[in-house]
Structure formats: C-alpha cells, structure tokens
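Below you'll find the structure, written out as structure tokens, and then a few comments.
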Amino acid sequence: MKIESLDLPESVIRFYLDSGIEELYPPQAEAIEKGLLEGKNLLAAIPTASGKTLLAELAMLKAISNGGKALYIVPLRALASEKFDRFRTFSSVSVKGEGNGGLRVGISTGDFESRDEWLGSNDIIVATSEKTDSLLRNETSWMQEITTIVVDEVHLLDSANRGPTLEVTLTKLMKLNPGCQIIALSATVGNAYEIADWLKGKLVLSEWRPTRLQEGVYLNGNINFHGSQKRIEARSQDDAVNILLDTLEEGGQCLVFESSRKNSVSFAKRAGTKVAETLDKPTRKALDELVEEIIENGETEAANELAKCVRNGTAFHHAGLNSAHRRIVEDGFRANKIKVISSTPTLAAGLNLPARRVIIRSYRRYDPNYGMQPIPVLDYKQMAGRAGRPHLDPYGESVLIAKSYNEMTGLFDNYIDADAEDIWSKLGSENALRTHILSTIVNGFATTRDGLLEFIEATFFAHQNDTWGIMDVVDECLDFLRIHGMLEGEDTLLPTVLGRLVSTLYIDPLSGAYIVDGLKKAKAENITDMTLLHLICKTPDMRQLYMRASDYEVINDIIMARSDEFVEIPPRSKEVDYEWFMAEVKTALLVEDWINEKSLDQITKKFGVGEGDVHAFADIAEWLMHSTSRLAGLIAPEMAKDISSHVALLEKRIHYGASSDLIELVSIRGIGRVRARKLYDSGLKTVQAIKSSDIGTVSELIGPKTARKLFEELGLTSGLRPSGSGDGIKSETMSSLMEREQSTFSDFEK
DNA sequence: GGACGTACTTTCTAGACAGCATGTC
DNA sequence: CTAGAAAGTACGTCC
C-alpha cells in the first residue's frame with residue numbers, strides 16, 4: 001500500500017514522502033484496512049521496529065486534521081522524550097489547514113513538563129501512564145477534548161506494579177470520552193485478542209519484521225539456528241566473548257544481556273581486553289573523547305570503571321549509572337564508537353537501540369522467593385528483538401548460550417519456538433485496589449458501592465475474571481479507607497479532605513495512613529531527621545535498600561543506639577518484622593548521608609549502589625517528604641509543635657542534598673550542594689555576603705565561568721575579568737583513583 | 001619465588017512511575 | 001521448601 005493512496009491531508013503525505021517513506025509495511029497496511037483512519041479502535045500486536053510508531057502517527061495526524069487532539073501514553077520517561085522529539089518534527093506540517101498554525105506537541109512526565117503555558121493547547125500530548133492518571137486525578141479539563149489515545153506497550157497491563165494504573169487509567173478515559181479512538185500498541189502476546197476485545201477494537205496480529213531475525217543457541221563452538229549452523233572461532237576462554245569477536249569481525253555491534261549489574265560490569269571489563277585489539281586509530285580517538293566526558297560527569301569509582309571499559313570500546317549499562325553516563329553510552333553505541341554494551345534488562349524494552357547481534361548470557365533471573373527463575377518468553381522476545389538495525393544491518397541474530405545438548409533443545413522449545421505468555425490483569429490485589437478505589441471515588445467515577453462495582457466491571461480485570469472473586473477485597477479496601485479517615489458514608493461513598501489529598505499527592509493510601517499516624521505519635525523532644533526519614537522510608541511508596549550479610553551487625557547497633565529517634569518502638573530482633581525494619585533504617589541512613597553532604601563517592605561505596613540510585617532514592621524521598629508536609633498541614637492541631645517546619649526544611653534539604661546552613665545559597669540558580677559548601681566554608685555564608693564580596697574571590701572557589709553566572713544571577717554585572725586558575729580536573733581524577741577507601745557499610749561505621 | 005590450576009566456600013542478586021516548581025557539577 | 005555465577009580462599013604444582 002502506498003502512502004500516497006491514503007486518505008490524509010496532502011501536507012502529511014508530502015512529509016512522509018520527503019522523509020523517504022513511500023510504501024507501508026504489511027502490518028501498517030492491515031491496520032489501515034481495519035479502519036485506522038476511520039476512527040476505529042485497534043490493537044496492533046506486532047514486533048518492535050515493525051513500524052508501530054508510524055501507525056500511531058497516521059491515526060493522530062488524521063484525527064488532528066479533523067480538529068481532534070491526541071494523547072500518547074508511554075511507560076517510560078525516556079520513551080516520552082524520544083516520542084516528543086519525533087512528533088515535534090511535525091511542527092512544519094500544516095495539518096490543521098492554512099492559517100491555523102503548525103502542529104503543537106507537549107510532554108508531561110514527573111520530571112519534565114512542557115513549557116507551554118497550558119499543556120492542553122497542544123495537538124499531541126505525550127505522557128507516562130502514571131502522569132496521565134495523575135492528570136485525571138486532578139481533573140484536568142482538556143482530558144475530555146482528547147479524540148485519539150495511543151497506548152504504547154499495552155502488554156504492561158500484566159505488570160504487578162504498574163499494570164493496574166494503566167488499566168484503571170484507560171477505563172477512566174473510556175468512560176470519560178466514550179467516542180474516543182484507542183490505538184493500543186503491544187508486543188506479541190498470547191492473548192492479544194482478549195485485550196483487543198476489552199478495548200472493543202480490531203486486532204492486527206503479525207510477526208512481520210523489516211529486518212530478518214535469526215534466533216539461535218550457542219553450544220560447544222557453534223551457533224545453531226533452525227536449519228543452519230555457524231562456527232565460532234575460539235579466541236578466548238569465554239564463549240560469549242568469542243561470539244562477540246565474531247560479530248565485530250563482520251562489522252556488526254553487539255548487545256549482551258546479563259542478569260545482574262555486577263555481571264554486566266564484569267563482562268564489559270573482560271571483553272574489553274580483547275575488543276581493544278580490534279580497534280582502529282580513529283575509533284580509539286573517538287573513544288578517548290568519550291572517556292573524558294565520562295570522567296567529567298562522574299564523581300564515583302564506577303565512573304572510572306566505565307571509563308576504562310569505554311577506552312577499550314566496551315561499556316556496561318544499568319540503572320545505577322547516572323543519567324549523563326547512560327546518555328554517553330547510548331549515544332556512543334549509536335554512533336558505532338562503542339562496539340558492545342553489556343547490560344541488565346534496562347535496554348531490553350523501551351529505548352530504540354538495536355544491534356547486529358544480541359547475546360543473552362543468562363536467561364535466568366533471581367527471585368527472592370524462588371531462587372533463579374527462567375525469564376518469561378515475552379522478556380526473551382523483547383531482548384532478541386533488539387537484533388538487527390532496520391536499513392543498516394543485513395540481518396539480526398540473537399544467541400542464547402547452552403552448556404549441554406539438552407539445555408539447547410530446551411531453549412529452542414521454551415523460547416525460540418515458544419509463544420509469548422498471556423497477559424493477566426493484576427488489579428485484583430489489595431495493594432492495587434486500595435489506591436485505585438480511592439482515586440475512582442475521589443474523581444466521581446463512583447459514588448456508591450454499586451457504582452464502584454459497575455466501574456470495576458468495565459476494567460480489564462473484570463473482562464478476564466468474575467468480579468465476585470474480589471468482592472471481599474473491595475470491601476476490605478473500603479473499610480481500610482474509612483478507618484483511616486479517607487472515606488465516609490455507608491451508602492454513598494464520600495471522599496474526605498484527607499482522601500482527596502492522598503489521591504492527588506499520588507501516594508498509596510497506606511503510605512498516607514502511616515505518615516499521618518507517625519506524625520500524630522511523634523513526640524517533639526525526640527524528633528530528629530532520622531525520625532522523619534524513617535517514617536517515609538517505611539512507606540510502601542519508598543523503594544528499599546537490600547540488606548547484605550555484612551550489614552546486619554552494623555544496622556543492628558545503629559538501631560540500638562538511636563532507638564528513641566523512631567516514632568515506633570523497633571520490633572524485637574527475633575520478629576520477622578525486624579528484617580524489614582532494618583532495611584527501612586538502612587534506606588533512611590542513605591538519605592541522611594545525602595542531606596548531610598556526604599559525597600556521592602562515599603555514599604555509593606558505603607551502600608553498594610550507583611550514582612543513579614542515590615538520585616532515585618533522593619527523588620522518591622523528596623516526593624514523600626513533600627507529601628508529609630502537605631499531610632502535616634492538614635492535621636496540624638493533632639501534632640506536636642515544630643514538626644511542620646522541620647518537615648518543610650527536610651524537603652528542601654533532600655532536594656539539594658544539603659545541610660540546613662546551605663539552604664540559602666543552594667536556592668540560587670547554578671549553585672548546588674558542592675559549590676554552596678565551598679562558598680560557605682570560605683565565609684560566604686549568605687547571598688548578601690556574596691554580593692559584597694568581589695568576583696575574583698568567588699572565581700577562586702567555583703571557577704571563573706560559574707562565578708560570572710552567579711554574579712549575573714544575583715543581578716550584579718561583572719565588569720572585572722575574573723582571576724583564578726584553570727581546571728583541577730586532572731589532579732582530582734588522579735587522587736580519586738589513588739585513594740583506597742572503605743568498601744563496605746561496616747567499614748564506614750567503625 | 002611466583003604464575004597458574006583446582007577445588008571448595010562465600011557472597012550476592014533487574015527495573016523505575018509519581019508531587020511541585022524550575023535548574024546540578 | 002526452592003539457584004547459580006562470580007569472586008574469594010586455600011592449597012598444590014610446575015618452572
């Protein structure tokens with residue numbers, strides 16, 4: 001089917017022809033035939049890179065040309081910006097007819113909101129599913145103007161964490177805009193028809209790919225495909241390294257999936273010594289530039305390790321990296337400078353980062369309840385599907401590694417030739433229902449118990465199950481919400497002020513209940529930073545740190561020593577709860593270190609986490625401390641004095657990772673925890689003090705460039721040429737390399 | 001003395017969304 | 001109730 005033949009405005013057709021797209025892929029053509037451009041609902045369950053985005057684009061552009069508005073829902077922030085950037089290239093397309101201006105695109109995620117004064121004035125809005133939920137909870141008016149909804153990666157309905165949110169959000173949207181077109185995009189799953197049926201849509205089901213994908217299993221020096229075999233030369237002890245070197249020889253790049261961060265790092269190191277031998281001069285030079293960039297953007301040991309790998313043309317990638325390092329690795333790989341990325345499943349879904357060959361070094365993942373477990377077929381397909389760059393690689397290959405003939409046949413049967421699992425709604429659990437029942441009632445989608453049941457009947461859960469099975473759980477949730485003062489009334493369900501606040505703060509009602517309870521119990525004379533930090537760390541919305549074997553003794557001692565700082569009496573060390581309690585305290589200690597200005601390097605070593613993790617922990621903690629602050633405002637009369645101001649201060653300190661004395665300096669744009677500390681320790685403790693100092697002094701401390709910016713920021717024009725010296729980067733890097741510091745939590749506390 | 005080999009023991013375990021109001025080193 | 005890979009340790013062998 002030709003693009004030209006489609007019922008679309010001419011400007012749209014010209015746009016695609018100009019970008020070299022003339023012919024639709026078969027699944028796209030099928031979607032058109034099934035009414036994509038006629039407002040029909042649709043579920044496209046097709047492989048990655050088979051043109052799902054284009055399919056969605058066509059529908060959105062068609063809708064906008066008819067005066068509509070589109071919402072594009074994605075599961076990841078990174079994906080949101082990727083789509084946002086893509087859709088912005090439409091700005092030149094005059095879809096809306098002459099004189100109506102160009103197409104406008106907005107983005108809304110937790111950490112990034114479009115600059116547009118009013119998000120709703122855009123024609124396309126890209127948002128994460130949680131943000132969409134939050135916008136609904138805040139009764140955003142333009143939600144009703146949406147005429148087309150695209151849901152990317154709907155198979156996430158199956159996720160226990162985030163599936164229920166997506167499900168309830170879609171149910172609400174369908175209730176709100178009954179005439180709205182829904183286009184759902186999914187990986188190939190077992191029961192795609194069931195999802196399509198729930199969405200009252202037609203199904204486009206296909207395995208078609210633009211680039212051929214060969215899936216094989218490596219055993220004893222050969223990759224075995226269906227009907228063919230490829231010999232791999234043994235250049236080292238390590239099978240995966242040999243497969244990798246073989247790919248490089250053919251001019252391809254490799255993506256290696258590992259089951260843990262540690263393994264991904266160690267593979268990148270190990271492969272590095274061999275990969276380095278294959279690099280030519282220009283590549284080495286390009287890599288050296290990346291190495292410098294990595295060092296500049298890192299304050300930890302991990303940065304040095306990454307730099308060492310990148311110098312050799314390899315890299316690792318996992319959620320512990322900071323965002324700069326992630327970007328450098330991803331871009332370096334796209335530019336074909338970095339030859340291999342050894343990664344945890346971070347790269348399996350989401351970002352568009354294909355490679356010639358994918359090596360899956362472990363198809364098992366650790367589960368605390370069941371030990372090492374084989375990953376789902378769906379996850380395997382996502383990883384294997386990364387192989388083969390459309391238009392660039394002649395083909396893609398994915399390789400599993402087996403140690404025996406039996407294992408190999410097992411892998412063929414259970415992965416390569418297997419169908420992906422069915423998707424199952426996870427809305428039935430108390431955890432999921434508690435929060436979504438509250439939001440449903442707060443938003444007026446249900447005002448009685450019967451109304452609530454009617455709403456639940458419209459969910460995917462009800463589509464798959466009999467709802468009588470969860471009646472008990474629903475009633476338990478309603479009781480919970482009543483007991484904790486978030487809901488009142490028996491026949492009519494009315495949200496209280498607290499209930500509304502909890503819903504709009506986007507926290508779990510259980511978190512809300514813990515916090516309110518803790519605030520009421522806290523006694524003024526015992527309250528420390530730890531009191532409040534531990535309070536938010538025991539909340540189900542907080543992510544918790546693991547307890548390692550060596551931590552037990554230390555954490556135990558800390559709990560004993562600081563026992564009166566907690567709002568509750570710590571459980572006895574023999575009780576099961578004690579295990580949890582220790583993890584909460586350990587997490588609180590990390591945040592405590594962060595706000596006491598411990599360096600990132602120290603924190604990452606002490607707690608065995610990455611820079612990215614520290615920021616992630618701080619991020620959640622800040623959100624929960626903000627929520628605590630708002631809740632404290634609501635129950636102020638029932639609390640000890642001074643708690644409110646303490647909470648507010650902590651919120652700021654977590655945001656900046658700074659002690660109280662730096663709050664004034666740190667709120668200046670361009671000044672963070674590190675620079676503020678330098679200024680403060682040199683006697684420049686306030687904005688006033690800086691204003692009355694001279695730029696030369698400040699330059700000595702934070703560098704001439706930043707100093708100039710700082711003075712501009714404070715409304716002082718900098719007439720003077722800043723004095724001061726050049727960069728200290730080299731010496732700093734050296735010293736951090738030389739330092740032999742403590743490596744575990746216990747070393748630090750002694 | 002030291003590089004390497006082997007067998008046994010210990011250790012550790014993926015990812016990432018949200019509020020609010022604008023910017024870290 | 002359930003795992004398995006890598007890193008660490010202790011000891012042995014060969015040059």
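Everything numeric here is computed off the predicted structure, so don't read it as measured data. Here is the naming used below: chain letters follow the sequence lines, and residue numbers restart at 1 for every chain.
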> Should the pair A/Glu597-A/Arg653 be classified as a salt bridge under the 4.0 Å nitrogen-to-oxygen rule?
Replying inline: no
> So does A/Lys705 get a side-chain nitrogen or oxygen closer than 4.0 Å to the phosphate oxygens (OP1/OP2) of B/dC25?
Replying inline: no
> What does A/Pro75 touch in the nucleic acid at a heavy-atom separation under 4.0 angstrom: a base, only the sugar-phosphate, or nothing?
Replying inline: sugar-phosphate
> How do A/Val674 and A/Ser260 order along DNA chain B: which one's closest nucleotide is nearer the 5' end?
Replying inline: A/Ser260
> Counting side-chain heavy atoms from CB outward, which of B/dA16, C/dA6, B/dC25 is closest to A/Arg361?
Replying inline: C/dA6
> If pairing requires Watson-Crick or G-U wobble contacts with both distances under 3.5 Å, which nucleotide is the partner of C/dA7?
Replying inline: B/dT9
> At under 4.0 Å between heavy atoms, what does A/Glu622 touch on the DNA or RNA strands: base, sugar-phosphate, or nothing?
Replying inline: base
>> Can you see whether A/Trp594 has A/Arg673 sitting over its ring - NZ or CZ less than 6.0 Å from the centre and within 45° of the normal?
In response: yes
>> Among B/dC17, B/dA16, C/dG4, which nucleotide has an atom closest to any side-chain atom of A/Arg77?
In response: B/dC17
>> What's A/Ile668 touching, base or sugar-phosphate or nothing? Going by heavy atoms closer than 4.0 Å.
In response: sugar-phosphate
>> Can you identify which nucleotide, out of B/dG19, B/dA14, B/dG15, has its nearest atom closest to the A/Ser134 side chain?
In response: B/dG19
>> Using OP1 and OP2 only, check whether a side-chain N or O of A/Arg162 sits under 4.0 Å from B/dC17.
In response: no
> Would the A/His318 and A/Phe316 ring centres measure less than 6.0 Å apart?
Replying inline: yes
> Nearest-Å distance, CG (A/Leu624) to P (B/dC17)?
Replying inline: 16 Å
>> Rounded to whole Å, please give me the gap between CD in A/Glu611 and P in B/dA16.
In response: 16 Å
> When all nucleic acid strands are considered with a 4.0 Å heavy-atom cut-off, which category describes A/Ser129: base, sugar-phosphate, or nothing?
Replying inline: nothing
>> Between P on C/dA3 and OH on A/Tyr363, what's the gap in Å once rounded to a whole number?
In response: 14 Å
>> Rounded to whole Å, please give me the gap between CZ in A/Arg261 and C1' in B/dC12.
In response: 13 Å
>> Against the six-membered ring of A/Phe607, is A/Lys586 placed for a cation-pi contact (under 6.0 Å from the centre, within 45° of the normal)?
In response: no
>> Need the pair for C/dC15. Rule: Watson-Crick or G-U wobble, both distances under 3.5 Å, any strand; none if unpaired.
In response: B/dG1
>> Below the 4.0 Å mark, does B/dG19 have OP1 or OP2 next to a side-chain nitrogen or oxygen of A/Thr504?
In response: no
> Could you state the interatomic distance from CG (A/Leu321) to CD (A/Glu330), rounded to the nearest 0.5 Å?
Replying inline: 9.0 Å
> Using purine N1 to pyrimidine N3 plus N6-O4 or O6-N4 for Watson-Crick, or N1-O2 and O6-N3 for G-U wobble, each under 3.5 Å, what pairs with B/dG23?
Replying inline: none
> If you take atom types as modelled and just measure distance, does the side chain of A/Glu651 reach the base of B/dG19 with a donor-acceptor pair under 3.5 Å?
Replying inline: yes
>> Once you apply a heavy-atom cut-off of 4.0 Å, does A/Gly670 come out as touching a base, just sugar-phosphate, or nothing?
In response: sugar-phosphate
>> Nearest to the side chain of A/His626, heavy atoms from C-beta on, is which of B/dG19, B/dA18, C/dA7?
In response: B/dG19
> Cation over ring, A/Arg543 on A/Phe617, under 6.0 Å and within 45°?
Replying inline: yes
> When you compare C/dA5 with B/dA14, how far apart are their C1' atoms, in angstrom units rounded to a whole number?
Replying inline: 16 Å
> Nearest-Å distance, CZ (A/Phe112) to C1' (B/dA18)?
Replying inline: 17 Å
> Tell me: CG of A/Asp111 to P of B/dT22, nearest whole Å?
Replying inline: 16 Å
> Picking from B/dG19, B/dA16, B/dT24, which would you name as closest to the side chain of A/Tyr656?
Replying inline: B/dT24
> Rounded to the Å, how far apart are A/Arg270 CZ and C/dA6 C1'?
Replying inline: 9 Å
>> Pairing check on B/dG15: which nucleotide meets the Watson-Crick or G-U wobble criteria with it, both distances under 3.5 Å?
In response: none
>> Can you identify which nucleotide, out of B/dA16, B/dG23, B/dA14, has its nearest atom closest to the A/Arg669 side chain?
In response: B/dG23
>> Need to verify one output field. Residue with the more 5' nearest nucleotide on DNA chain B, A/His317 or A/Asn138?
In response: A/His317
>> Considering every strand and a 4.0 Å limit on heavy-atom distances, what is the contact class for A/Asn369: base, sugar-phosphate, or nothing?
In response: base
>> Which nucleotide wins on minimum distance to the side chain of A/Leu76, given the candidates B/dC17, B/dG19, B/dG15?
In response: B/dC17
>> I want to verify a distance call: between B/dA14, B/dA18, C/dA6, whose nearest atom is closest to the A/Arg365 side chain?
In response: B/dA14
> Which nucleotide sits closest to the side chain of A/Tyr366: B/dA16, B/dG19, C/dA3?
Replying inline: C/dA3
> Looking across every strand, which nucleic acid part, if any, lies under 4.0 Å from A/Thr706 by heavy atom: base, sugar-phosphate, or nothing?
Replying inline: nothing
>> Both A/Lys403 and A/Tyr370 contact DNA chain C. Taking the nearest nucleotide for each, which residue is further toward the 5' end?
In response: A/Tyr370
> Hey, does the side chain of A/Thr128 come within less than 4.0 Å of B/dC17's phosphate (OP1/OP2), counting only N and O?
Replying inline: no
>> Once you apply a heavy-atom cut-off of 4.0 Å, does A/Ile702 come out as touching a base, just sugar-phosphate, or nothing?
In response: nothing
> Which one, B/dC20, B/dA18, B/dG15, comes nearest to the side chain of A/Arg630?
Replying inline: B/dC20
>> Exactly one of A/Ile401, A/Leu255, A/Val241 should register a side chain to side chain contact (heavy atoms under 4.5 Å, CB included) with A/Ile359. Which one does?
In response: A/Ile401
> Quick one: do A/Asp613 and A/Arg261 make a salt bridge, cutoff under 4.0 Å?
Replying inline: yes
> Quick one: is A/Arg326 getting a side-chain N or O under 4.0 Å of the B/dA16 phosphate, OP1 or OP2?
Replying inline: yes
> Within this structure, what is the CD1-to-P distance between A/Ile401 and C/dA6, rounded to whole angstrom?
Replying inline: 10 Å
> Can we say A/Asp661 and A/Arg677 salt-bridge, meaning some charged N sits less than 4.0 Å from an Asp/Glu carboxylate O?
Replying inline: yes
>> Check this one for me: any side-chain N or O of A/Ser550 less than 4.0 Å away from OP1 or OP2 of B/dT11?
In response: no
